[in-house]
Amino acid sequence: MTLFEKIIARQIPAKIVAESEDWLAFHDISPQAPVHVLVVPKKVITRVGEATPEDESLLGKLLLATQEVARALGVSNSGFRIVINHGRDGGETVPHLHIHVLGGRPLGWPPG
Ligand code: AMP
């Protein structure tokens, strides 16, 4: 099981923000901003570049989930950023697709 599958299965604790039948949103253990939440599909897609056309609807649901998280944590109006890291140069460390939702402070651009 991936680390995130264990969180989804409640085998590892996490601070859960929201959940649907398709995804789980929980606070990142090492937050890089006042709001830093991960939105993770319950179906394992290893990384975004390995998603298939079959995943089209799920990918849309994950994006919509980021709206819900931003609203729930009060950063919808102030602004937020979503990030997906793919592979070594992208900074991916957990091989289970996840969308970072970051907010609560001005975020620099370009990212490091
Ligand atoms: P990435 O580097 O894009 O693969 O993101 C993986 C993220 O998972 C990092 O931001 C980690 O801080 C986070 N992370 C790792 N372990 C946990 C955990 N047990 N609970 C919550 N977040 C975690």
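Computation of the quantities below employed the complete heavy-atom set of this structure, encompassing side-chain atoms and omitting hydrogens, waters and symmetry-equivalent molecules. One-based numbering, in listed order, for ligands and for the atoms of each. Heads up: numbering here begins at 1 and tracks the sequence. These numbers were taken from a predicted model, which means no experiment stands behind them.
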| Ring centre gap for His100 and His36 strictly below 6.0 Å | yes
| task | Select all protein residues for which some heavy-atom-to-ligand 1 distance is less than 4.0 Å, and list them by chain and number. | result | Leu3, Phe4, Ile7, Phe26, His27, Asp28, Ile29, Ser30, Leu38, Asn85, Gly91, Glu92, Thr93, Val94, His98, His100
| said: Closer than 4.0 angstrom, basic N to acidic O: yes or no for Arg10 and Glu19? | reply: yes
| If you measure from the Lys or Arg side-chain nitrogens to the Asp or Glu carboxylate oxygens, is any gap between Lys43 and Glu54 under 4.0 Å? | yes
| request: Would you mind checking if Arg71 and Glu68 are paired as a salt bridge, meaning a charged N to carboxylate O distance below 4.0 Å? | output: no
| query | Would Phe26 and Ile7 satisfy side chain to side chain contact (heavy atoms under 4.5 Å, CB included), going step by step from the backbone distance to the final call? | reply | CA-CA 9 Å; Phe26 53 90; Ile7 290 176; 3.8 Å; yes
| query | Can we say Lys42 and Asp22 salt-bridge, meaning some charged N sits less than 4.0 Å from an Asp/Glu carboxylate O? | reply | no
